[in-house]
J.: 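Dropping a structure here in structure tokens format, bear with me for questions.
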Protein chains: 2
Amino acid sequence: MLSRKAQYAFRALTHLVEKYDQGPVLISEISKKKKIPLKFLENILLELKKAGILESKKGKGGGYYIKNHPSKTHMANIIRIVDGPIAMLPCVSLYFYERCKNCNEEFCALHDTMIAVRDATLGILEHRTLQDLTIPR
Amino acid sequence: MLSRKAQYAFRALTHLVEKYDQGPVLISEISKKKKIPLKFLENILLELKKAGILESKKGKGGGYYIKNHPSKTHMANIIRIVDGPIAMLPCVSLYFYERCKNCNEEFCALHDTMIAVRDATLGILEHRTLQDLTIPR
DNA sequence: CAATACCCTACCAAACAAGTGGACTTCATT
DNA sequence: AATGAAGTCCACTTGTTTGGTAGGGTATTG
């Protein structure tokens, strides 16, 4: 399951996509419009900025805005930044790989199943972008 | 990510599949062979029993064993018992459905993406069974 | 100077991982 | 039958991590 933090991140990003190319947006505006706790949102946006997704401007007339075109950032990327690994096991993660203990000595039966799950999931999340967040079905 | 508990569960089940139809297996034997903390494993097995996956026999000569044929139990089922929802959002979960707050008023952009992810994931996990745990590839 | 992002610390609650102690059940031996 | 060892069963406790909240102070810009 996505953490609430990740869900907030997507909600905030949705707002920022709608305001794309209209200058910086106040944290407080996003917080109000999307009903996200202000201080919590502050941390999330900062994290997204440090990860290169957002840009910010300080002082009067400042705020947050999306760095690159929304179609350039994939949903999978956002999840990795906020929640970490997408894969179900560390030993099948592409970006957060860790060798399983007891996974070499004994035959790791889950391994190939979880690779299949990962590929199926990424097949979707790597092809949807921030722009899709505002496209109604 | 799967919790360590779920990983333990799969490791333990792998052992039980190997010993299927050979009578009850001791918790202590599984704990030793698969390097799982004994008392923790005790709780996991009990949970799997209550969920109808395992059967147990008390007293001397007792132990745990798989209730139905290993090909009858899907991996998705095990994950749901131990870790809960497989879906990434409560509002797209089949077995743990919950209505999202702010998902009705505003357009929930993630919804259909997460349904796609869920279906892709279940397409795999609903077709792999405990028996697959012991089939080397 | 005022508005705003940035940053730091502390705090609370829940979940997770693991361990403890003991009650209850079954079986084999005598 | 009585006994004791071998087992599961189960309610607690403990320590750690994580998710989320709250407040205040600093730096930067118009």
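By convention in this document, chain letters (A, B, ...) are assigned in the order of the sequence lines, proteins followed by strands, and residues within each chain are numbered from 1.
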J.: How about NE2 on B/H127, more than 12 heavy atoms from neighbouring residues, nucleotides or ligands closer than 6.0 Å, or not?
T.: no
J.: The side chain of A/K5 is closest to which nucleotide in this list: D/dG20, C/dT26, D/dT29?
T.: D/dG20
J.: If I take atom CD in residue A/E29 and atom C1' in nucleotide C/dA3, what distance separates them, rounded to the nearest angstrom?
T.: 15 Å
J.: Given D/dG20, is OP1 or OP2 found less than 4.0 Å from the side-chain N or O atoms of A/R4?
T.: yes
J.: B/Y8 side chain N/O closer than 4.0 Å to the phosphate oxygens (OP1, OP2) of C/dA18?
T.: yes
J.: Taking the minimum atom-to-atom distance to the side chain of A/E42, which one of C/dC6, D/dT8, D/dC9 wins?
T.: C/dC6
J.: Calculate the interatomic distance between A/K49 atom NZ and D/dA27 atom P; express it in whole Å.
T.: 16 Å
J.: How many whole angstroms separate atom CG of A/L2 from atom P of D/dT18?
T.: 17 Å
J.: Which sits closer to the 5' end of DNA chain C, B/K57 or B/L38, going by the nucleotide each is nearest to?
T.: B/L38
J.: Give the intermediate values and the outcome of side-chain contact (heavy atoms from CB on, under 4.5 Å) for residues B/R80 and B/F96.
T.: CA-CA 9 Å; B/R80 289 198 187 98; B/F96 299 85; 4.1 Å; yes
J.: From C-beta outward on B/K58, which listed nucleotide comes closest to its side chain: D/dC10, D/dG20, D/dC9?
T.: D/dC9
J.: Please give, in whole Å, the distance from D/dG7 C1' to B/Y65 OH?
T.: 13 Å
J.: Closest nucleotide of DNA chain C for A/K60 versus for A/S56: which of these residues is on the 5' side?
T.: A/K60
J.: How close or far is atom C1' of C/dT4 from atom CD of A/E55, stated in whole angstroms?
T.: 16 Å
J.: Assess whether one donor atom and one acceptor atom, taken from the side chain of A/K39 and the base of D/dG24, lie less than 3.5 Å apart.
T.: yes
J.: Please determine, for the side chain of A/I27, which listed nucleotide (D/dC10, C/dA5, C/dA18) has the closest atom?
T.: C/dA5
J.: Does the B/S31 side chain pair with the main chain of B/I27, one donor and one acceptor, at a distance under 3.5 Å?
T.: no
J.: Answer yes or no: is there an ion pair linking A/E29 with A/K32, defined by an N-O contact shorter than 4.0 Å?
T.: no
J.: Any ion pair linking A/R128 and B/D112 (charged N to carboxylate O, less than 4.0 Å)?
T.: yes
J.: Taking any heavy-atom pair under 4.0 Å as a contact, classify B/L45: base, sugar-phosphate, or nothing.
T.: nothing
J.: Tell me: NZ of A/K50 to C1' of C/dC7, nearest whole Å?
T.: 8 Å
J.: Once you round it to whole Å, what is the distance between P of C/dA5 and CD1 of A/I44?
T.: 15 Å
J.: Can you tell me the distance, in whole Å, between the CZ atom of B/F40 and the P atom of D/dC10?
T.: 18 Å
J.: Closer to the 5' end of DNA chain D via nearest nucleotide, is it B/N43 or A/D83?
T.: B/N43
